[in-house]
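Report on the structure given below.
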Amino acid sequence: GENVEQHPSTLSVQEGDSAVIKCTYSDSASNYFPWYKQELGKRPQLIIDIRSNVGEKKDQRIAVTLNKTAKHFSLHITETQPEDSAVYFCAASRTGNAGGTSYGKLTFGQGTILTVHP
Amino acid sequence: GAGVSQSPSNKVTEKGKDVELRCDPISGHTALYWYRQSLGQGLEFLIYFQGNSAPDKSGLPSDRFSAERTGGSVSTLTIQRTQQEDSAVYLCASSFRYEQYFGPGTRLTVT
């Protein structure tokens with residue numbers, strides 16, 4: 001089955017700096033890669049995702065890059081703010097399609113605790 | 001619109017008792033997933049339902065765990081003869097396309 005490795009496990013940055021979290025996956029058939037942010041005691045929230053037909057996607061201060069050949073993908077957060085402090089999880093999925101919908105179980109990395117110091 | 005909801009939010013049970021956890025997905029979402037998050041750990045897939053297809057049960061840790069989805073909407077995860085290692089937050093998610101949206105979870109504590 002799929003295996004996702006995530007690094008680093010903890011990351012501490014100063015406000016305004018950039019943060020990068022990296023993940024590798026094992027199943028070359030995986031085609032969907034979301035990133036989730038989880039604040040303490042809260043549900044995971046989807047912040048950005050990428051499908052295997054693109055190499056990069058950006059949404060304001062957040063970007064994700066995907067290297068299918070090397071089977072790794074990364075989350076980049078620029079101009080970090082204290083409210084970015086949370087646990088970030090990467091995930092990978094081999095999604096299928098049926099009846100116009102897409103579905104597939106997510107395999108998660110172990111998470112990165114990001115702390116942004118004011 | 002309303003997001004994914006789960007009940008109860010917290011459940012404390014004695015070892016050996018059965019528990020039922022409920023998930024109400026977002027209306028119109030055909031796929032429903034159950035995950036488990038142990039303290040300080042990542043999320044572990046348990047089971048998912050897609051439309052009328054047979055569920056993918058490949059993540060269930062033992063035969064004490066089962067789940068059903070009635071009418072293509074609400075789902076119930078049942079854990080029989082609970083053990084202390086079952087203590088975790090059980091998260092439900094639903095999707096229509098690729099994006100999975102999570103509920104707030106049920107924190108299960110087995111004493």
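Since the model is a prediction, treat every value here as computed from it, not as a measurement. Protein chains get the first letters and strands the later ones, always in sequence-line order, with residue 1 at the start of each. Hydrogens, waters and symmetry mates play no part in the numbers below; they use all other heavy atoms, side chains included.
For the pair B:Tyr33 and A:Leu106, the minimum side-chain heavy-atom distance is 4.5 Å or more. Between B:Phe45 and A:Phe108, every side-chain heavy-atom pair lies at or beyond the 4.5 Å cut-off.
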>> Using the rule given for side chain to side chain contact (heavy atoms under 4.5 Å, CB included), can you reason through A:Lys42 versus B:Phe102, listing the C-alpha separation, both sets of side-chain angles and the distance that settles it, and then say yes or no?
In response: CA-CA 10 Å; A:Lys42 300 288 183 63; B:Phe102 282 84; over 6 Å; no
>> Set out, in order, the CA-CA distance, both residues' side-chain angles and the distance that settles side chain to side chain contact (heavy atoms under 4.5 Å, CB included) for A:Phe89 and B:Gln37, then state yes or no.
In response: CA-CA 12 Å; A:Phe89 292 98; B:Gln37 186 171 31; 3.6 Å; yes
>> As a quick check of understanding, evaluate side chain to side chain contact (heavy atoms under 4.5 Å, CB included) for A:Arg43 and B:Tyr101, giving each step before the final call.
In response: CA-CA 9 Å; A:Arg43 72 187 79 187; B:Tyr101 297 96; over 6 Å; no
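If you measure heavy-atom distances from B:Ser53 to chain A, you find no contacts under 4.5 Å at all. When heavy atoms are compared at a cutoff of 4.5 Å, B:Leu91 approaches chain A solely by way of its side chain, counted from C-beta outward. Of the two parts of A:Gln38, only the side chain, counted from C-beta on, holds a non-hydrogen atom closer than 4.5 Å to a non-hydrogen atom of chain B.
Put simply, B:Tyr35 and B:Leu60 are part of two different groups of oily side chains (I, L, V, M, F, W, Y) that touch within less than 4.5 Å, one to the next. Taking hydrophobic clusters as Ile, Leu, Val, Met, Phe, Trp and Tyr residues chained together by side-chain heavy-atom distances below 4.5 Å, A:Tyr32 shares a cluster with B:Tyr48. Both A:Ile62 and A:Trp35 belong to a common hydrophobic cluster when Ile, Leu, Val, Met, Phe, Trp and Tyr are linked at side-chain heavy-atom distances under 4.5 angstrom. Placement of A:Ile77 and A:Val87 in two distinct hydrophobic clusters is found when ILVMFWY residues are connected by side-chain heavy-atom separations under 4.5 Å, directly or transitively. Connection of A:Tyr88 to A:Leu40 is not established within any shared hydrophobic cluster, with ILVMFWY side chains joined at heavy-atom distances below 4.5 Å, either directly or through further cluster members.
Of all non-hydrogen atoms in A:Gly104 and B:Gln100, the two that sit nearest each other are O-NE2, 2.8 Å.
Residue A:Asn53 places its CG atom among more than 12 non-hydrogen atoms of other residues, nucleotides or ligands, all under 6.0 Å distant. At most 12 heavy atoms of other shown residues, nucleotides or ligands fall within 6.0 angstrom of atom CD in B:Glu14. Atom CD of A:Glu15 has more than 12 heavy atoms from other residues, nucleotides or ligands within 6.0 Å. Around CD of A:Gln60, the count of heavy atoms belonging to other residues, nucleotides or ligands within 6.0 Å does not exceed 12.
When each of A:Leu46, A:Thr95, A:Ile50 is paired with B:Tyr98, the side chain to side chain contact (heavy atoms under 4.5 Å, CB included) condition holds for A:Thr95 and for no other.
Counting heavy-atom pairs closer than 4.5 Å to chain A, the top residue among B:Gly51, B:Pro104, B:Ala93, B:Gly59 is B:Pro104. The candidate from B:Glu44, B:Glu99, B:Arg107, B:His29 with the greatest count of non-hydrogen atom pairs under 4.5 Å with chain A is B:Glu99. Here A:Pro44 is the residue among A:Ala91, A:Pro44, A:Gly111 with the most heavy-atom pairs under 4.5 Å with chain B.
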